[in-house]
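So that the names make sense, note that chain A is the first sequence line, chain B the second, and so on, each numbered from 1. Quantities reported herein were computed from a predicted structural model and do not represent experimental measurements.
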Amino acid sequence: MNDKQKTYILFPSHAHGLSLEKQLKEHQINYTIVPTPRQLSTSCGISIMIDPCCKENVENILKENKNIETLGMHTIEVKKRKWFSD
Amino acid sequence: MANYRELWESLGVDLKKHDELCAVLPEFFEEIYLSQNDRPENMNYFNFVVSEIHGYRIQELADHKEKGAKVVGTFCVYVPDEITFAGGGIGIGLCGGSDFWIPDGEKVLPRNTCPLIKASIGAKLGNTCPYFSSADLLVGETTCDGKKKAWEILGEYTPVHVMDLPQMKREKGKLHWMDEIKIYKDKIEELTGTEVTKENLEKSIKLINDKRRALQRLYNLRKEENLPISGKDALLITQIAFYDDPERFTEKVHALCDELEKRAAEGVSVFAEGTPRILVTGTPMAIPNWKMHHLIETSGGAVVCEETCTGVKYFQDLVNEDNETMEDQLRSLTDRYLNINCACFTPNDGRIDDIIRLYKEYKADGVIYYSLPFCSTYAIEYKKVKEALEKEGIPVIMIETDYSLQDAGQIKTRLEAFFEMLDAPEK
């Protein structure tokens with residue numbers, strides 16, 4: 001695992017994402033709401049990005065909150081295109 | 001992932017082409033926004049809005065429309081949202097900040113037209129912006145020649161109402177603008193079937209003022225010696241202000257400001273000590289035009305304020321809330337809107353006063369005069385602004401650039417030289 005890798009949690013709808021966000025806040029787990037990387041899905045919408053080391057904690061939260069549906073957790077290194085090259 | 005394809009299809013969006021646009025956003029946003037360090041936690045809401053830019057809000061608008069609401073698309077800070085919302089409409093500022101829409105715009109407009117106009121028209125004609133597709137009425141204005149003529153073309157495809165903005169701030173101009181606001185009120189009533197009354201106008205004046213107050217609070221925090229938020233993030237928030245639900249937006253901006261106030265109290269800064277503080281002035285930056293801010297903040301500068309339509313012009317003045325009659329309300333709206341200092345006015349000395357005042361208030365070290373190509377009014381006005389700033393000893397450079405990233409390296413070189421000259425720590 002290198003520090004360029006990030007874990008992305010995908011959702012069937014934004015509402016599930018926002019429910020998980022609430023839980024992450026309560027459990028003081030750092031997260032960032034991001035546009036879903038194209039590597040993972042071609043549907044536009046949100047994902048939640050976390051550090052891969054928090055994956056287990058999030059899995060536990062999801063086990064306790066069965067109402068929050070996800071489309072899985074994916075740990076990847078996001079492709080960078082360098083739009084503003086020097 | 002939420003599947004918005006059905007929704008887009010029902011709006012007549014060109015799905016294949018639109019998908020090309022969607023493909024670009026995650027990487028572009030990642031490079032510009034997610035690469036920043038120490039972003040405030042409450043930026044997550046604004047990340048959410050951008051991530052769902054053609055999803056969540058579009059669905060929300062569709063739900064409102066289902067219940068009979070009308071969506072009104074606008075392009076300019078002179079169109080009074082208060083009237084739109086009072087009449088039961090939903091005002092949304094329309095896109096026009098990406099290169100993606102330019103080729104479709106150039107199919108009907110001369111190439112030597114400003115990119116903002118080409119992109120806006122291209123977004124509508126190419127059916128690649130669901131906001132345009134959601135709008136029941138587009139409201140244009142006469143702030144430049146390019147726009148004036150573009151509305152005629154746009155009108156061939158969709159209902160357009162044009163507000164005739166006077167170009168001189170004389171008493172007769174004021175009367176004329178008040179008359180235009182009345183005509184717009186009639187237009188909204190005709191569209192929504194809801195009468196604009198003193199009561200609902202009072203509510204909407206308060207609603208939009210509250211949004212402005214939240215943005216004022218945010219910008220006041222950018223006056224801090226230690227900057228608790230980047231210029232890029234502040235710009236994103238102002239851009240989102242144009243199309244988000246006003247009440248929710250206001251609440252989220254206040255939540256962010258609570259966090260920023262704590263940062264300010266602790267002296268937290270997202271920039272290294274001595275980073276030159278830059279006031280950006282000039283043409284609007286429609287979403288997703290983040291180019292200039294990104295270049296400034298990756299070349300050693302920090303943007304502290306925008307004297308633009310996607311900056312203080314949008315919210316620095318409030319509408320008077322203490323009105324006895326509807327006529328008073330309309331007069332208050334007229335006064336507030338005509339106080340905006342756009343380069344389409346002659347003379348426009350008020351803008352120079354604003355720039356000098358903001359430079360001092362935000363403790364800026366230099367001014368970047370940003371202009372989109374073919375924007376004659378702003379480009380020509382540079383001479384007078386430059387002379388006035390030089391008299392005050394305020395360093396300024398002008399950068400004219402469109403949405404393409406080909407000149408990014410060149411601009412970075414110019415910015416680095418400018419920042420070196422500012423020599424911020426010894427100032």
Q | B:Tyr33 vs A:Thr32, side-chain contact (heavy atoms from CB on, under 4.5 Å): CA-CA, chis, key distance, verdict | A | CA-CA 11 Å; B:Tyr33 278 95; A:Thr32 311; over 6 Å; no

Q: Measure distances from B:Val49 to the heavy atoms of chain A and classify the residue's part below 4.5 Å as side chain, backbone, both or neither.
A: neither

Q. CD/B:Glu27 to NZ/A:Lys82 distance, rounded to the nearest 0.5 angstrom?
A. 12.5 Å

Q) Quick one: CD on B:Glu41 to CG on A:Asn30, what's the gap to the nearest 0.5 Å? A) 6.5 Å

(Q) Using only non-hydrogen atoms and a strict under-4.5 angstrom cutoff, which residues of residues 292-302 of chain B touch chain A? (A) B:His294, B:Leu295

Q: Indicate yes or no for a side-chain donor-acceptor contact from B:Asn47 to the backbone of A:Val34 under 3.5 Å, with no hydrogens or angles considered.
A: no

Q: Heavy atoms only, distances under 4.5 angstrom: which of B:Asp19, B:Leu25, B:Thr413, B:Ile32 has the most pairs with chain A? Name it, please.
A: B:Asp19

(Q) With rounding to the nearest 0.5 angstrom, report the CD to CD1 distance, B:Glu52 to A:Ile33. (A) 9.5 Å

Q) Could you give the distance from CD1 (A:Ile46) to CD1 (B:Ile53), rounded to the nearest 0.5 Å? A) 14.5 Å

Q. More than 12 heavy atoms of other residues, nucleotides or ligands under 6.0 Å from NZ of B:Lys262: is that the case?
A. no

Q) Where is the tightest heavy-atom contact between A:Arg38 and B:Pro26, given as atom of each residue plus distance? A) CG-CG, 4.3 Å

**Q.** Taking every non-hydrogen atom, the tightest pair across B:Glu31 and A:Phe84
**A.** OE2-N, 3.2 Å

Q | Nearest-0.5 Å distance that lies between atom NE2 in A:His14 and atom OH in B:Tyr4 | A | 4.5 Å

Q.
Around atom NZ of A:Lys55, are there more than 12 heavy atoms from other residues, nucleotides or ligands closer than 6.0 Å?
A. yes

(Q) Using a 6.0 Å cut-off, check whether atom CD of B:Glu247 has over 12 heavy atoms from anything other than its own residue. (A) no

Q) So which part of B:Phe29 gets closer than 4.5 Å to some heavy atom of chain A, the side chain, the backbone, both or neither? A) side chain

Q) Measuring heavy-atom distances to chain A, does B:Phe28 have an atom under 4.5 Å in its side chain, in its backbone, in both, or in neither? A) both

Q.
Can you tell me which of B:Phe48, B:Phe46, B:Tyr56 forms the most heavy-atom pairs within a distance under 4.5 Å of chain A?
A. B:Phe48

Q) In this structure, are over 12 heavy atoms from other groups packed under 6.0 Å from B:Gln410 atom CD? A) no

(Q) Are there over 12 heavy-atom neighbours, none belonging to A:Glu26, within less than 6.0 Å of that residue's CD? (A) yes

Q.
Counting only non-hydrogen atoms closer than 4.5 Å, does A:Ile48 touch chain B with its backbone (N, CA, C, O), its side chain (CB onward), both, or neither?
A. neither

